[in-house]
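Ligands are counted one by one from 1 in listed order, and the atoms in each one are counted from 1 as well. For this chain, numbers begin at 1 and follow the sequence in order.
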Amino acid sequence: MNRRHFIYLAGLLSLGISCSALPVLRMKPVLRLKDPAGPDDLPAHIFYLASLAPSSHNTQPWFLQRQSEKSWLLSLDQKRCLPAADPSCREMFLSLGAFMENLLQAAPLYGCDASYSVSSTSPLRLRIGLQPTGSLPDETQSWLLKRRRTLRRNLLPSPLTAAEQSYILGDDRLSTFFPRASTAGQTIAELTRTANQNQSRNPAIQEELSRWIRWQHVDQQRFQDGLSPETMEMDFWLKWLAEYFIQPKDVLSSFFQKSSLEQIETQVKESAGWIICRSSSEQPADLLETGRRMEALWLRAAAHNLALHPMSQALEETGCCQQLEKTLALPNIQFLARIGHCAAYPPPVSLRRPLKNIV
Ligand SMILES: Cc1cc2nc3c(=O)[nH]c(=O)nc-3n(C[C@H](O)[C@H](O)[C@H](O)COP(=O)(O)O)c2cc1C
């Protein structure tokens with residue numbers, strides 16, 4: 001090899017290494033923050049675990065104000081609501097209820113008694129009290145709150161056993177499981193298809209969704225909320241494309257809409273069946289209570305390695321929702337999700353805002 005060949009080859013080699021190393025290095029996922037609280041800051045540990053609750057589009061619509069050493073006010077952060085997809089804030093109250101359920105389950109793990117009361121005036125506010133009981137913290141039990149996640153892909157078609165069904169439903173009389181192949185299961189799948197098709201033609205809903213997708217690492221790091229390629233369970237190459245080439249406005253393109261509908265088609269054919277959670281009325285306080293039951297059910301499912309994937313579109317489209325409630329003869333359906341076994345229950349990947357931005 002002469003000198004000219006050597007320089008040429010060395011140049012090509014270093015260009016190749018830098019081109020392939022750069023994306024690989026930057027493809028390291030942004031990780032969810034660990035519990036940041038010091039050992040004595042019991043409320044901070046509890047609020048951290050509460051913030052691991054699910055929320056629609058991962059908007060994390062909770063806002064806490066400290067009132068005294070032992071009491072806080074929890075309210076809905078209006079800037080984090082979804083006026084196009086969820087104009088009545090139904091899903092936001094469910095998310096706030098999930099936050100409360102986590103908080104109530106977390107408090108005893110950190111030696112505290114938690115209590116709350118709901119304001120009767122509008123807007124809805126919750127007064128939360130945390131009283132140390134003197135018992136020693138036992139944070140080993142926090143694993144379940146840290147483990148729960150949404151799983152959107154590869155739910156297995158195997159049916160749930162009778163024992164699994166009765167465990168996940170517990171004594172929740174307003175929640176029901178429908179096997180996928182049942183008439184009710186097929187109706188839910190059909191209405192979910194229709195609702196997704198309607199929404200793909202609704203620019204307001206699509207624009208709102210695009211505002212909550214964090215395609216790039218820099219946005220994931222900056223906002224620590226919303227949906228990321230990681231949470232949407234994209235494969236490596238799609239994630240790579242998302243990092244370098246996909247823009248928020250691409251969500252509105254016909255190519256994106258077509259692939260989303262294809263994915264919905266696959267999803268409604270997977271899983272063991274559907275879970276629905278109902279409320280006793282449409283009042284915010286009842287929606288909050290339904291959010292608590294929804295999260296308690298989701299945690300029981302996670303404890304048994306059962307994947308859960310909410311699919312809210314049929315409830316967001318008024319016509320589909322009315323038809324669903326009429327066909328199933330069940331009023332006030334607030335939450336709809338696919339449920340099923342999964343080959344593995346991977347660790348959660350959705351991000352959470354730091355506590356200082358919540359409290
Ligand atoms: C009320 C509610 C409705 C939701 N609706 C959907 C949905 O329609 N489609 C979906 O993929 N995920 C849905 N989710 C799941 C959220 O996107 C998810 O909880 C959030 O991204 C946080 O991720 P995690 O559950 O893994 O912590 C919903 C969650 C809640 C609480």
Can you give each donor-acceptor pair under 3.5 Å made by side-chain atoms of residues 266-273, sequence neighbours left out, with the distance rounded to 0.1 Å?
unit_1, atom_1, unit_2, atom_2, d
Thr266, OG1, Glu262, O, 3.1
Gln267, NE2, Arg152, O, 3.1
Lys269, NZ, Glu265, OE2, 3.3
Ser271, OG, Gly273, N, 3.4
Ser271, OG, Gly273, O, 3.4

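In this structure, Trp240 has its ring center closer than 6.0 angstrom to the ring center of Tyr244.
Between Trp62 and Asp77, the closest side-chain pair of non-hydrogen atoms is not below 4.5 Å.
Residues forming a side-chain contact (heavy atoms from CB on, under 4.5 Å) with Leu191 (at least two apart in sequence, or on another chain): Thr187, Ala314, Cys320, Gln323, Leu324. By the side-chain contact (heavy atoms from CB on, under 4.5 Å) test, Pro157 is found to be paired with Arg180, residues two or more places apart in sequence or in another chain being considered.
Under the 6.0 Å distance and 45° angle rule, Arg127 does not count as a cation-pi partner of Tyr116.
Residues with a heavy atom under 4.0 Å from ligand 1: Arg32, Pro54, Ser55, Ser56, His57, Asn58, Glu91, Leu94, Ser95, Arg148, Arg149, Thr150, Arg152, Leu227, Met294, His309, Pro310, Met311, Ser312, Gln313, Ser350, Arg352.
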